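Taking it in order: structure first as structure tokens, then the write-up.
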Amino acid sequence: MLDVTCQICAKRPATTHLTELDPGTGQRQELHLCATCIQRLDLKLELGPPPIATILDMKPEDGGSVKIKINLNPGTATVTASDEERCPECALAFSEFGSGKLFGCAHDYTAFADKVEALLRNYHGTSQHLGRHPVDIQTVAAGVEIRARRAQLDAALRVAVADEKYEDAARLRDQLRGLEKPNA
Amino acid sequence: MSHLDAIIGRPASWLNSPGSHRGIVVSSRIRLARNLGDYAFQRKLSKVRQEELVARLIDTTTRVANLPDALTLRVNLLSDIECQALVERQLISRDLATSKRPAGVYVSSDEVYSLMFNEEDHVRLQVISSGLCTNANLELAVRLDQSLEGVLGWSYHPQYGYLTACPTNVGTGLRASVMLHLPALVESGELKQVLRGLAKLHMTVRGLHGEGSEPSGHYYQISNQRALGASEHGIVDQINETVERIVSYEQLARQALIANHRWRVEDKVFRAWGLLTNARTLTTEELSEHLSWIRLGAALEMLAWGNWKILDRIFLQCQPAHIQLQHPDTADVERRDRTRADLVRKWLSTPATELN
């Protein structure tokens, strides 16, 4: 979808796009709305959007107490693209990210993974972090490696003892002891 | 009675002129952006949760950082003037000062550390000091960050690193900035070319008070644009290298100015001296411009007078909110400009021996 500005506030990017076809004349009418204005107008779109003409009549002056009658027979109107992909955690749609360049929560980074990937590559030239890790991740990762290495050495030591290769066994035992020391 | 009584009258940690590199490097700042895993980012966080977040961060930081005589402030409970004074001391951002949302700041007694809570990110940890010392500041910042991380658990992604509200900060969450005084490059017209070169190196240039501020008094803040794809030390090394290069350009420009137009520089410096020691009213902009020439005059030893401590005091204490908080009846601009001129005249005539 192209970037379209909300026709109510004329400021924020539109996230919901209504298209209406007049059954008589076949004439097409469109209305583009942002999430904030939908909320301000209390448009319960999930119940079927009201006719565009009705929405235009309610254009709020103060954003306050405008109430609308829900069109229970939404035969003439269809929502074409209101169900834009949203973050399941914070309900941010990617188009809302546009203006302030701020995400809504940490999950947005995975909810919009493809777009984030492109965004990061574009801005930072890469999407791979090379800096510090949280201390516990480092410790955990190091722990996993040490355990794997120990299992390897243990197995080799048993084989060496079984084969009576005592020189190899001594070397393996020293290596194992080395693993026990901190910062080995 | 102001919430800032404990700090307002004293010098700032980052302003200890001549700084380094013969007065060209004023200060260095390290900032880490961090978020807690169990809260949404600021724009999607309800006011109740924001209050809860700020309370939790203040509590944890006070316990974990445990810096003696640290100052903890609820920014949204401060007056506009108090907020502005914190911006003038470089302790909070302009965005936080004007936001009105629940927010806090934790400042160490020496003002080297300051942590903003519920800014664009949940935590913005800053370490600032005078001269070029980005490396030392980074060490201090990382050490405190690690202690806090152990308790709070930052939002972290195995590929993207530390997650931030704005993807331009993601990765290290690091911004390293160095404030430079570049009068000769401005005067010779070479600065534009230098700044163009910086963009190619993915460096950005800002004014005195960071994001969105216009350069004034020949002060420029150079900082990294990218926070992802390099280690913290890599980013800081690149900033240091860039700063050293700009400093050498400024030194060359100063030498050229002296060699070719000494009289012109002297005229600027002595006019500034004459004006500041005589004016009966001074706007912030006027003071900023003339003080910059006096700083240059002192660095080049053109002026017999070279009292850096006084220059710093004037620089800090004559900013609008600093005047307003410490001098009665200065809410009005005209009265403030008169007080500013009085303070500058008084301080410039202080004999060096009277300073502690």
Side-chain angles (χ1 to χ4, degrees), chain A residues 11-13 15 34-36 39 84-145, chain B residues 32-46 49 95 119-122 138 141-143 145-174 201-202 224-236:
Chain A
K11 276 188 297 205
R12 289 172 285 267
T15 53
C34 69
T36 313
Q39 215 171 11
E84 196 192 344
E85 203 185 339
R86 285 178 181 274
C87 168
E89 291 287 330
C90 72
L92 183 97
F94 193 76
S95 54
E96 291 172 294
F97 163 77
S99 50
K101 301 284 177 226
L102 292 177
F103 280 130
C105 75
H107 296 275
D108 293 349
Y109 281 92
T110 33
F112 309 116
D114 294 349
K115 288 172 179 120
V116 165
E117 187 72 27
L119 200 76
L120 296 181
R121 281 173 188 279
N122 186 30
Y123 186 85
H124 299 280
T126 174
S127 64
Q128 184 59 53
H129 173 55
L130 294 177
R132 287 179 47 235
H133 301 280
V135 178
D136 58 337
I137 284 193
Q138 250 176 343
T139 327
V140 170
V144 169
E145 270 174 41
Chain B
L32 296 175
R34 296 288 186 260
N35 290 278
L36 275 70
D38 39 358
Y39 291 81
F41 294 150
Q42 202 271 319
R43 71 178 282 184
K44 285 284 186 182
L45 200 60
S46 70
R49 290 277 283 165
D95 176 50
E119 215 257 10
E120 183 181 293
D121 294 296
H122 298 155
L138 177 65
V142 164
R143 221 175 295 162
D145 178 55
Q146 279 175 335
S147 316
L148 290 171
E149 181 165 56
V151 184
L152 295 164
W154 303 137
S155 203
Y156 182 86
H157 185 284
Q159 186 190 342
Y160 303 149
Y162 290 97
L163 298 179
T164 51
C166 183
T168 56
N169 294 316
V170 83
T172 56
L174 169 69
L201 294 170
H202 308 292
N224 60 303
Q225 192 181 38
R226 294 172 162 183
L228 184 70
S231 71
E232 288 79 1
H233 283 107
I235 291 172
V236 165

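Every chain is numbered from 1, with letters handed out A, B, ... down the list of sequences. Note that the coordinates shown come from a computational prediction; the quantities given were computed from them, not determined experimentally.
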Worksheet item: Between Thr168(B) and Lys101(A), is any pair of side-chain heavy atoms under 4.5 Å apart?
Response: no

Discussion item. With side-chain contact (heavy atoms from CB on, under 4.5 Å) as the criterion, how do Arg226(B) and Thr126(A) come out once you've worked through the C-alpha distance, each side chain's angles and the decisive distance to 0.1 Å?
Written reply: CA-CA 10 Å; Arg226(B) 294 172 162 183; Thr126(A) 174; over 6 Å; no

Worksheet item: Based on non-hydrogen pairs under 4.5 Å, which of Gly125(A), Cys90(A), Ser127(A) is most in contact with chain B?
Response: Ser127(A)

Worksheet item: Do His129(A) and Thr172(B) have side-chain heavy atoms sitting under 4.5 Å apart?
Response: yes

Worksheet item: How long is the gap from CZ on Arg132(A) to NE2 on His233(B), to the nearest 0.5 Å?
Response: 10.0 Å

Practice prompt. Heavy-atom distances under 4.5 Å only: say whether Glu117(A) touches chain B with side chain, backbone, both or neither.
Written response: both

Fill in: Region of Ser155(B) in contact with chain A, defined by heavy-atom distances below 4.5 Å
side chain

Worksheet item: If you count heavy-atom pairs under 4.5 Å between each of Leu174(B), Thr164(B), Leu45(B) and chain A, which one has the most?
Response: Thr164(B)

Practice prompt. Answer with side chain, backbone, both or neither: which region of Ala165(B) has an atom nearer than 4.5 Å to a non-hydrogen atom of chain A?
Written response: both

Worksheet entry | Contact winner vs chain A - Gly229(B), Gly234(B), Gly37(B), Ala40(B), heavy-atom pairs under 4.5 Å | Gly229(B)

Discussion item. Which atoms of Gln159(B) are under 4.5 Å from chain A, going by heavy atoms: the side chain, the backbone, both sets, or neither?
Written reply: both

Fill in: Shortest non-hydrogen contact from Arg43(B) toward Leu102(A)
NH1-O, 2.7 Å

Discussion item. Let's test your reading of the structure: which of Pro158(B), Pro167(B), Ala230(B) forms the most heavy-atom pairs below 4.5 Å with chain A?
Written reply: Pro167(B)

Practice prompt. Could you label the plane-to-plane angle of the Tyr160(B) and Tyr109(A) rings as parallel, tilted or perpendicular, counting under 30° as parallel and over 60° as perpendicular?
Written response: tilted

Worksheet item: Taking side chain as C-beta onward, heavy atoms only, is Cys105(A) less than 4.5 Å from Lys44(B)?
Response: no

Fill in: Side-chain donor/acceptor of Tyr123(A) to backbone N/O of Asn169(B), under 3.5 Å
no

